[in-house]
Engineer: 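If you scroll down you'll find the structure; I have some questions about it.
A, B, ... follow the sequence lines: proteins, then strands. Residue 1 opens every chain. The structure displayed is predicted, hence computed values, not measured ones.
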2 protein chains.
Amino acid sequence: MGIFERRERIRKQVRADILKTARDIAREEGWQAVSIRKIADVIEYSPPILYEYFDNKDKLLETIRDEGFAYLHEELLKIKNLYRSPEKIIIEFAQVQWRFLLEQTEVFQVMFNLNGALCQSQKAYQIEFSMLNNHPIWEALAMIRPRSADAVSKTFYEWWCLTYGFLAMSVVTQPKATLTNMEPSFMESVRRFSRALA
Amino acid sequence: MGIFERRERIRKQVRADILKTARDIAREEGWQAVSIRKIADVIEYSPPILYEYFDNKDKLLETIRDEGFAYLHEELLKIKNLYRSPEKIIIEFAQVQWRFLLEQTEVFQVMFNLNGALCQSQKAYQIEFSMLNNHPIWEALAMIRPRSADAVSKTFYEWWCLTYGFLAMSVVTQPKATLTNMEPSFMESVRRFSRALA
DNA sequence: AGTATTGGTTTACAGTGTTAAATTTTTAGC
DNA sequence: GCTAAAAATTTAACACTGTAAACCAATACT
């Protein structure tokens, strides 16, 4: 009896379409151009249908943001399993971060409320700054510079703001065309940070 | 005399009132709550009057942004005239940057399109990244690490993204109450950057 | 005094997020 | 296959937004 299953499958598909459409519009016209009605137009439903899938626009953006953080975390775990050297882990992840910025710019924007994107929820940040002691980067920093847990957490915050802050400033101030030119500066900044720790 | 001057004086006052009101609303309710009508309400004019003073909302925000950059530049010049050591200039300015973030958070947000603030103009950034060779920080970096002009400009960009990026990440992810706690991390990051150059 | 200019407002348009009511479509029971 | 209940979807509406055109009243100049 696949009636429930079929419905659920369709629901999942529509939900995914909504998220994808929001990202598509944001990518091409910027987040300030993303509206409930425009999304509804593309997925060929009437606007109120979106509220069957998301409580409101903020929750929709929150989902996109969460998926962004989840993706980066997965990539980080892969790296952790590939390399032993803490410095190497930091550098490799920096490359992932940069690639993410280029390939999923619109997701990055909503992750950090940049360029008109606005998701009021602070949930993702709270999660990001709790349960640090088994965050691969936290562990890496603890290995490079063994200190108290609090001291390592402070260094973690410095790493966090350095890397994501650099990416944020780049995407905010640089036109798309010149953005790629900034990768060496980013990597150099991360290397400098890493070196200066020891 | 007096009739033109009086009119011009009033015009200047109204213009200033508009800018101040926009900042006030942004400060208390966030930039997403700043609307032409709300500003008009406060200054006790009808909405279209605002278009006598600013071409559109974007230009209004651009003005606030420009004033922010201008203020920081003035403070930087003061510091340059007070200290000789390039490291000292960088550190002192970092303190000014932090204070600016705390005291004029809403201006900082529009300067970097954070938290729903959106000014499409890229003018300020273009200015910020041109005419570098007599920017006090550029000069300081050139003194600490004498290299080609291009190499110094690259380091300047790294300083720029490190400092403003750190502030941006802090204001985006931290609640107002805990924001002040992050100053030591910020200052440590700037010192680490400065040390790692030599 | 009559006309042109200025300063300001009212009205209007197209768009926004969101909710409630109305309506259509699908399912379940006989 | 027909009807009643339930689910899915749409239409209509509200209170907003930025902005432009039309209008009005007071002032300045001839």
Engineer: Check the orientation of B/Tyr164 and B/Phe69. Use parallel for under 30°, tilted for 30 to 60°, and perpendicular for over 60°.
Structural biologist: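 It falls in the perpendicular class, over 60°.
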Engineer: List in numerical order all residues of residues 53-63 of chain B for which some heavy atom is under 4.0 Å away from an atom belonging to DNA chain D.
Structural biologist: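 Those residues are B/Asn56, B/Lys57.
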Engineer: Test the B/Lys59-B/Phe54 pair against the cation-pi criterion, namely NZ or CZ under 6.0 angstrom from the six-membered ring centroid and within 45° of the ring axis.
Structural biologist: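 Relative to the ring axis of B/Phe54, which defines the angle, B/Lys59 lies outside at least one limit.
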Engineer: Ignoring hydrogens and angles, tell me if any N or O in the side chain of A/Asp58 forms a donor-acceptor pair with the backbone of A/Gln120 under 3.5 Å.
Structural biologist: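 Pair found, side chain donor or acceptor close to backbone of A/Gln120.
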Engineer: Write down the distance between CZ (B/Arg7) and P (D/dA28), rounded to a whole number of angstrom.
Structural biologist: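 Atom CZ in B/Arg7 sits about 6 Å away from atom P in D/dA28.
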Engineer: Rounded to whole angstroms, how far apart are OH on A/Tyr51 and P on C/dT18?
Structural biologist: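 Value for this atom pair: 3 Å.
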Engineer: Between P on D/dG18 and CD1 on B/Ile25, what's the gap in Å once rounded to a whole number?
Structural biologist: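 Rounded to the whole Å, the gap is 10 Å.
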Engineer: Charged N to carboxylate O below 4.0 Å: is that the case for A/Lys80 and A/Glu75?
Structural biologist: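 Between A/Glu75 and A/Lys80 there is no salt bridge, as every charged N stays at least 4.0 Å from the carboxylate O atoms.
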Engineer: Tell me whether B/Lys20 at atom NZ has more than 12 heavy atoms from other residues, nucleotides or ligands lying less than 6.0 Å away.
Structural biologist: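 No, NZ of B/Lys20 has 12 or fewer neighbouring heavy atoms, counting only those of other groups under 6.0 Å.
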Engineer: Kindly say whether the aromatic ring centers of B/Phe193 and B/Phe166 come within a distance under 6.0 Å.
Structural biologist: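 They do not qualify: ring centres at least 6.0 Å apart.
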Engineer: Using whole Å, report how far CZ of A/Arg11 lies from P of D/dA7.
Structural biologist: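 Going from CZ in A/Arg11 over to P in D/dA7 covers 13 Å.
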Engineer: Just say parallel, tilted or perpendicular for the rings of B/Trp160 and B/Phe112, cut-offs at 30° and 60°.
Structural biologist: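 Plane angle over 60°, so perpendicular.
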Engineer: Listed in order of residue number, which residues of residues 29-50 of chain A have a non-hydrogen atom at under 4.0 Å from DNA chain D?
Structural biologist: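 Residues of residues 29-50 of chain A under 4.0 Å from DNA chain D: A/Arg37, A/Tyr45, A/Ser46, A/Pro48, A/Ile49.
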Engineer: Do the side chain of B/Arg147 and the main chain of B/Val152 share a donor and acceptor less than 3.5 angstrom apart?
Structural biologist: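 No; judged by distance alone, with no hydrogens or angles, the pair does not exist.
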